[in-house]
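One-based numbering, in listed order, for ligands and for the atoms of each. Bear in mind the structure is a predicted one, so any value in this text is a computation, not a measurement.
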Amino acid sequence: MASSRTLGTFRLPPLPTIREIIKLFRLQAVKQLSQNFLLDLRLTDKIVRKAGNLTNAYVYEVGPGPGGITRSILNAGVAELLVVEKDSRFIPGLQMLSDAAPGKLRIVHGDVLTFKIERAFPESLKRQWEDDPPNVHIIGNLPFSVSTPLIIKWLENVSQRNGPFTYGRTRMMLTFQKEVAERLTATTGSKQRSRLSIMAQYLCDVQHILTIPGQAFVPKPEVDSGVVHFTPLPRPRIEQPFKLVEKVVQNAFQFRRKYCHRGLGMLFPEAQRLESTGKLLESADVDPTLRPTQLTVSHFKSLCDVYRKMCDEDPHLFAYNFREELRQKSEKRG
Ligand code: SAM
């Protein structure tokens, strides 16, 4: 009890401001790397509070940069914070933070796309998937070019319960370009409804919890950011392999403005397209004249279940790629 109280009340000692750290270590943002920093610690505190209660938590922060969010996480009373930063220029500033928070901050100079978090925290943190989420959180403000491929990779990890989800239903809070945050959380029928909405929402409870205006960052990026919180669901809304769901969803959204049968038809070779698309939609009980944006996650569940059966009946079907068929045809013509 005493030790958890001590952990919960930890505060960093007075330190140079983030602006001073940037000056001291000459940490000018590299535009090509989309580095935009948060300097206002009241804002980083507000962002970190949105992750929930971090008392005694094990936190994995991706892309800490000069350490604004890092300080707020440390002040939230975490048991341990592990940060992974790719740009070596930030390591001395982070080291200064580590000295100010003895035993709490672990710094890894590495790439979040390859770093293996699954062995980094104590085994004892692991929970059964159906149990409450473990006290492990992922937090990050990464360049937009990294956060979108990363969330796709992590959603696949959620579906396979590996990577950061070896601990159980690890929660994540990440920033995206505002438009991407809106796509991730878009409801059925909305303009932003897209492939990302389905892929995120069939596996997680997804909340767009905060919009950060561009002017909050230094230097100011061209667009606003959206902070999105993900909690993996105890039971995914579609119980099929990730790659199969991805294929159905990608094809469905191929022609966003057309009826859904157009995109879904591309799952099948041209010679059998009409017949197989009809069979898919009829067996899944999906109206072929709905637009892709009007399809619910439950529609996608039925479509994936029926497509899976069709793939089991025809072992070549899953490997079929309509672009490849088009390419071969044009080669023959040429
Ligand atoms: N989190 C800091 C903040 O909010 O002020 C910095 C944000 S800046 C947009 C993104 C940070 O992620 C930079 O420090 C950059 O060097 C780092 N970064 C970019 N790609 C990375 C990668 N693949 N792995 C780890 N860090 C990365």
Any atoms of ligand 1 less than 4.0 Å from a non-hydrogen atom of [X]? List them with their elements.
X	value
D111	22 (C), 23 (N), 24 (N)
N141	1 (N), 3 (C), 4 (O), 7 (C), 8 (S), 9 (C), 10 (C)
N36	7 (C), 8 (S), 9 (C)
V84	25 (C), 26 (N)
D87	16 (O)
I69	4 (O)

Any nitrogen or oxygen of [X] lying under 3.5 Å from a nitrogen or oxygen in ligand 1? Just yes or no.
X	result
L142	no
G63	yes
F90	no

Open item on the list: Please work out, at 4.0 Å between heavy atoms, whether the side chain, the backbone, both, or neither of F217 comes within that distance of ligand 1.
Closed with: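 Contact part for F217 vs ligand 1: neither.
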Open item on the list: Considering only residues two or more places apart or on different chains, which pairs with a residue in residues 267-292 satisfy ring-ring contact (aromatic ring centres under 6.0 Å, His included)?
Closed with: none
Task: Close approach of G110 to ligand 1, heavy atoms, under 4.0 angstrom - done: yes
- [ ] Please confirm whether P143 comes under 4.0 Å of ligand 1, counting heavy atoms of the residue only.
- [x]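 P143: in contact with ligand 1 (<4.0 Å).
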Open item on the list: Students often mix this up, so state it plainly: with edges at 30° and 60°, are the rings of F318 and Y307 parallel, tilted or perpendicular?
Closed with: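 Ring orientation, 0 to 90° scale: tilted.
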Is there a donor-acceptor contact under 3.5 Å from the side chain of [X] to the main chain of [Y]?
X	Y	value
T166	N162	no
T44	I69	no
K258	R291	no

TODO: Could you list who else is in M266's hydrophobic cluster, with ILVMFWY side chains joined at under 4.5 Å, directly or through other members?
DONE: F255, Y320, F322, L326
TODO: Tell me which one of E61, Q35, K86 gets a heavy atom nearest to atom 26 (N) of ligand 1.
DONE: K86
- [ ] Count the heavy atoms of every other residue, nucleotide or ligand shown that sit under 6.0 Å from CD of Q128, and state whether that count exceeds 12.
- [x] no
Task: Spacing of L97 atom CG and I21 atom CD1 [to the nearest 0.5 Å] - done: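 Answer rounded to 0.5 Å: 6.5 Å.
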Open item on the list: Please report whether the ring centroid of F90 lies less than 6.0 Å from that of F37.
Closed with: yes
